[in-house]
There are 2 protein chains.
Amino acid sequence: MPVNSFEHYPMSWKPERNQLTNPLYVSITKLLEQDIAAGILAPHTKLPPQRELADFLDVNLSTITRAFKICELKGLIYATTGKGTFVSPGANMPNVFTNHESAIDFIEMGVIKPFYQTNSIILNTIQSVLNKPCAERLLEYSNPLGTPFQKQAAQKWLARFQLNTSIDNIMIASGAQNALTITLISLFKPGDKIATDTFTHPNFMNLANLMDIQLVSIAGDECGMLPDALDTICKTNNISGIYLMPNFSNPTNITISLARRKELADVITKHKLILIEDDVYAFLQPQKIAPITGMIPENSVYICSTSKSLCAGLRVAFAAFPDCYRSRIISGIYNINLKTSSFNAEVIAELICSGAAEKIVNKKIDLAKERKDVFLRHFSNHEINADNLCFFQWLPLPKHMDGNFFEKLSKVHGVHVFCSDRFAVGNTKRQTYARIALSSPTDIAELEKGLKIIKSLLENKDISTLKYEFIV
Amino acid sequence: MPVNSFEHYPMSWKPERNQLTNPLYVSITKLLEQDIAAGILAPHTKLPPQRELADFLDVNLSTITRAFKICELKGLIYATTGKGTFVSPGANMPNVFTNHESAIDFIEMGVIKPFYQTNSIILNTIQSVLNKPCAERLLEYSNPLGTPFQKQAAQKWLARFQLNTSIDNIMIASGAQNALTITLISLFKPGDKIATDTFTHPNFMNLANLMDIQLVSIAGDECGMLPDALDTICKTNNISGIYLMPNFSNPTNITISLARRKELADVITKHKLILIEDDVYAFLQPQKIAPITGMIPENSVYICSTSKSLCAGLRVAFAAFPDCYRSRIISGIYNINLKTSSFNAEVIAELICSGAAEKIVNKKIDLAKERKDVFLRHFSNHEINADNLCFFQWLPLPKHMDGNFFEKLSKVHGVHVFCSDRFAVGNTKRQTYARIALSSPTDIAELEKGLKIIKSLLENKDISTLKYEFIV
DNA sequence: AAATTTGTCTATTTACATTTC
DNA sequence: GGAAATGTAAATAGACAAATT
């Protein structure tokens with residue numbers, strides 16, 4: 001029996017004791033999931049301390065711990081010793097691609113489209129692959145890890161980004177998301193913890209949640225993640241890995257400085273973390289800062305998708321891995337994909353070796369430059385580097401504005417954007433942002449129209465006082 | 001302290017107490033893994049009872065339970081209440097594709113190659129897709145779940161195998177292995193149990209092991225899995241799913257009879273299992289028995305790869321799923337693949353709609369018939385159905401012959417085959433077999449040569465007395 | 001058929017580390 | 001800077017069920 005009456009304690013979550021069935025921990029997990037899914041428990045809500053809840057429900061402390069842990073691995077809640085347990089932002093947020101609508105009624109600036117103007121070049125390359133004498137052999141099971149020609153092309157492409165590696169340490173995956181899946185499933189196990197930026201790539205977040213891998217948020221500044229913060233967390237938290245996007249990190253648009261990369265590399269080595277370096281936007285980086293993987297190749301998997309740089313539809317990504325992970329990675333590839341289509345890999349390889357790839361990248365850089373200039377015309381007070389060609393921008397929202405609210409408001413006004421809640425790795429409330437995909441509108445006119453709408457919304461002082469009810 | 005001295009007990013595994021470090025369960029897990037990997041603990045070895053080991057190591061019973069459970073989920077050991085814990089067969093067996101050698105020194109009858117003679121037809125179809133006005137759009141991110149045309153083609157293809165479903169219930173995956181990954185990751189969680197035949201598809205086994213999903217072996221006869229055996233296990237074992245290959249099951253070559261399918265469907269419904277029906281060889285089945293999914297669509301995912309029937313290299317599989325799993329499956333596709341290449345899906349769709357697919361299938365059926373006849377000439381006492389066009393056969397080995405030994409022996413004599421240990425889901429010792437891939441030799445002459453070698457090995461009475469040492 | 005062996009599962013105890021005040 | 005609050009994690013205890021003898 002509970003020792004005290006809790007009637008006078010304002011507990012944020014009061015599941016009914018009589019709703020519990022055996023096993024208790026499963027029952028508690030389900031009640032919590034339901035109440036979060038139903039929106040009864042809003043994002044950032046602080047749950048009662050485990051001991052208090054245990055006392056209230058008259059169960060053992062570790063029964064609550066167990067139930068909370070399951071929800072935490074699913075990404076529904078996040079907890080810090082000493083602080084408490086909180087409902088994750090974005091826990092209740094539907095996946096965007098899942099309920100995909102065609103962008104007829106609104107301007108797409110949420111999803112990032114990587115410019116499709118260059119796709120006619122790809123068709124020519126497919127034709128030349130088809131004309132190759134070896135074309136028929138590309139349709140077989142052989143060379144599950146890629147042909148020598150394909151791996152050499154991959155090597156050449158990676159070297160372009162200062163990542164030099166042997167062809168025996170390269171995998172060809174069916175896109176970056178697939179490479180991430182292979183990496184996570186091969187090198188990590190459920191319950192493992194991976195450090196990330198406080199705002200990180202939502203696809204990686206969702207994948208980690210799906211695989212019961214816990215993300216731990218590490219503070220950062222304008223040069224990227226803070227090495228000291230990482231070191232501190234690692235000392236106490238049994239972190240197995242770290243996920244970083246070194247160039248134009250999605251969604252914050254931060255490029256990690258060379259000095260910072262070196263410092264982070266030291267901490268990673270010190271704590272024997274596995275680095276997952278996702279460098280999808282390397283091709284947009286004019287300075288070509290060396291990747292972290294180059295400094296610590298033995299601790300790192302470097303993933304370089306060609307979806308943004310060359311062709312989204314062919315689903316080809318390259319990844320470099322060290323000898324020590326080879327057998328596990330190869331086994332992972334085999335178990336998840338069996339293999340990546342040789343035909344698709346050959347087309348990408350041909351693009352790289354024929355020089356068509358350079359043309360595509362240059363064209364995309366020009367398009368990105370043009371759109372950056374348009375953006376700066378409308379948001380002249382927004383500080384961005386002159387050579388920042390990123391496909392998206394990260395706009396701070398007015399204080400106290402709920403990100404989710406702004407997202408819905410924009411949609412009503414005809415622009416699709418993503419708010420920072422979608423990218424937030426469990427952490428207490430802070431400044432909210434919106435990610436604006438400059439590359440996605442079909443043309444400059446549409447881009448300008450979208451930017452004007454966003455600007456007017458941000459400048460309207462009355463907006464932050466509006467309530468959801470008005471627009472939903 | 002241990003209560004008794006164990007010096008006189010013959011324990012099969014005696015880890016040294018002083019090698020244990022904290023945490024104990026992790027330490028015990030590692031010792032067990034090492035000793036299995038090193039071959040110190042041979043397949044089928046009975047480990048000491050958990051209580052005995054706990055007493056011996058002076059740790060708590062459930063510390064052993066926890067350590068054993070981790071190894072069991074990895075597929076290293078298997079346990080039955082009342083019986084004991086045993087080392088899995090094939091636990092120490094390297095993945096075949098992983099250490100791939102070119103088949104120069106031997107005849108390939110291990111790996112199943114699905115006839116490449118039809119691939120020139122595919123090249124023509126790729127050409128016609130390339131000439132389509134919509135070709136450029138196939139290189140975009142759009143239609144992550146497939147275009148309407150592709151889904152209609154998939155629907156048509158599935159209908160060919162008597163699986164009728166709405167286009168909203170079809171997914172396009174990057175091959176069967178990828179479809180299985182999506183299904184497992186979306187609908188199951190680590191620790192879940194899935195029922196399988198006693199011998200099952202090794203790719204599925206490996207994937208389940210990788211994902212910490214436990215396979216539970218169910219007895220069967222020549223018509224397939226026994227419904228009563230399934231029912232009994234389900235009553236007590238908290239089974240979440242069942243994996244079946246209804247036609248020409250890999251590796252046993254069993255086709256589940258219609259009557260048996262109905263009975264199994266009843267048990268599946270009764271215990272609310274999720275059926276994963278892998279029908280990759282449906283196209284070889286002349287009788288076209290209705291799939292189980294058709295009887296219980298709400299409980300089932302039906303996977304139909306085109307790798308064996310149409311083209312291995314393009315990596316396209318179709319799968320049908322019910323409404324109740326739609327959101328989870330779509331989210332899984334998005335998290336694992338983002339999408340399957342639209343270009344590849346379009347080629348397969350074009351094959352199906354143009355009628356080229358029928359030509360390919362017919363050609364493959366002719367090739368399979370020819371090889372079956374060759375096989376029957378050499379193994380006339382082996383009973384197979386006249387219309388069994390399966391790409392492989394399942395040969396019983398002489399009593400007491402170690403399958404692993406036979407595999408190595410055959411390799412030395414120039415033929416690559418797979419022994420039943422590779423396919424065995426944890427279970428006590430029994431009759432051993434070899435799987436002989438008839439479709440893989442490059443031509444009939446090579447097939448005959450391979451079959452002759454196998455036959456002579458099986459008829460040599462002295463062989464079973466040989467020891468590993470002679471050939472390794 | 002009853003007793004024993006053996007694995008399974010969940011709740012409990014205990015020690016500990018960090019954050020907050 | 002020390003005490004209290006709070007989450008983490010491993011080892012332990014006990015009830016239970018299947019297989020064996």
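Below, read A as the first sequence line, B as the second, and so on, with proteins coming before strands; counting in each chain starts at 1.
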Checklist entry - How does protein reach along nucleotides 12-20 of chain D, written 5' to 3' as B (base within reach of a heavy atom under 4.0 Å), S (only sugar-phosphate), or - (no contact)? => result BB---BBSS
Item to check | Atom-to-atom span, CD1 of A:Ile77 to P of D:dG7 - whole angstrom | outcome: 10 Å
Checklist entry - With sequence neighbours left out, what residues match B:Asp192 under side-chain hydrogen bond (donor to acceptor under 3.5 Å, both in side chains)? => result B:Lys189
Item to check | side chain to side chain contact (heavy atoms under 4.5 Å, CB included) between B:Thr196 and B:Ile242, worked out | outcome: CA-CA 6 Å; B:Thr196 66; B:Ile242 175 170; over 6 Å; no
Item to check | Set of side-chain hydrogen bond (donor to acceptor under 3.5 Å, both in side chains) partners for B:Ser62, sequence neighbours left out | outcome: B:Asn60
Next on the checklist: So, taking the atom named CG in B:Leu180 and the one named CE in B:Met211, what distance separates them when rounded to the nearest 0.5 Å?
Outcome noted: 10.0 Å
Checklist entry - Does B:Tyr433 have its ring centroid less than 6.0 Å away from the ring centroid of B:Phe199? => result yes
Checklist entry - Roughly, in whole Å, what's the span from CG in A:Asn238 to C1' in C:dA17? => result 13 Å
Checklist entry - B:Leu53 CG to C:dT5 C1': how many Å, rounded? => result 16 Å
Checklist entry - Rounded to the Å, how far apart are B:Leu57 CG and D:dA11 P? => result 12 Å
Checklist outcome for this item: Taken in chain and number order and not counting sequence neighbours, the residues that satisfy side-chain hydrogen bond (donor to acceptor under 3.5 Å, both in side chains) with B:Lys193 are none
What side-chain donor-acceptor pairs closer than 3.5 Å can you find for residues 33-43 of chain A, not counting sequence neighbours?
unit_1: A:Glu33; atom_1: OE2; unit_2: A:Lys74; atom_2: NZ; d: 2.3
unit_1: A:Asp35; atom_1: OD2; unit_2: A:Trp13; atom_2: NE1; d: 2.7

Item to check | Secondary structure of DNA chain D in dot-bracket form (Watson-Crick or G-U wobble, distances below 3.5 Å, | marking inter-strand pairs) | outcome: .||||||||||||||||||||
Next on the checklist: From CD of B:Glu52 over to C1' of C:dG7, roughly how many Å is that when rounded to an integer?
Outcome noted: 14 Å
Checklist entry - When you check the phosphate oxygens OP1 and OP2 of D:dA5, does a side-chain N or O of A:Gln50 lie under 4.0 Å from one of them? => result no
Checklist entry - Does A:Lys46 put a side-chain nitrogen or oxygen below 4.0 Å from OP1 or OP2 of D:dA5? => result no
Next on the checklist: Please verify the inter-ring angle class for B:Tyr243 with B:Phe204; under 30° counts as parallel, over 60° as perpendicular, anything in between as tilted.
Outcome noted: parallel
Item to check | Rounded interatomic separation in angstrom, taking CG from B:Leu20 and C1' from D:dA10 | outcome: 14 Å
Checklist entry - Between D:dA9 atom C1' and A:Ile70 atom CD1, what is the distance in whole Å? => result 15 Å
Checklist outcome for this item: Between CZ of A:Arg66 and P of D:dA11 the distance, given in whole Å, is 15 Å
Item to check | Donor-acceptor contact present, side-chain B:Arg51 to main-chain B:Leu61, <3.5 Å | outcome: no
Item to check | D:dA9 phosphate, OP1 or OP2, under 4.0 Å from A:Lys69 side-chain N/O | outcome: yes
Checklist entry - Which is true for B:Tyr25 with a 4.0 Å heavy-atom rule: it touches a base, it touches only sugar-phosphate, or it touches nothing? => result sugar-phosphate
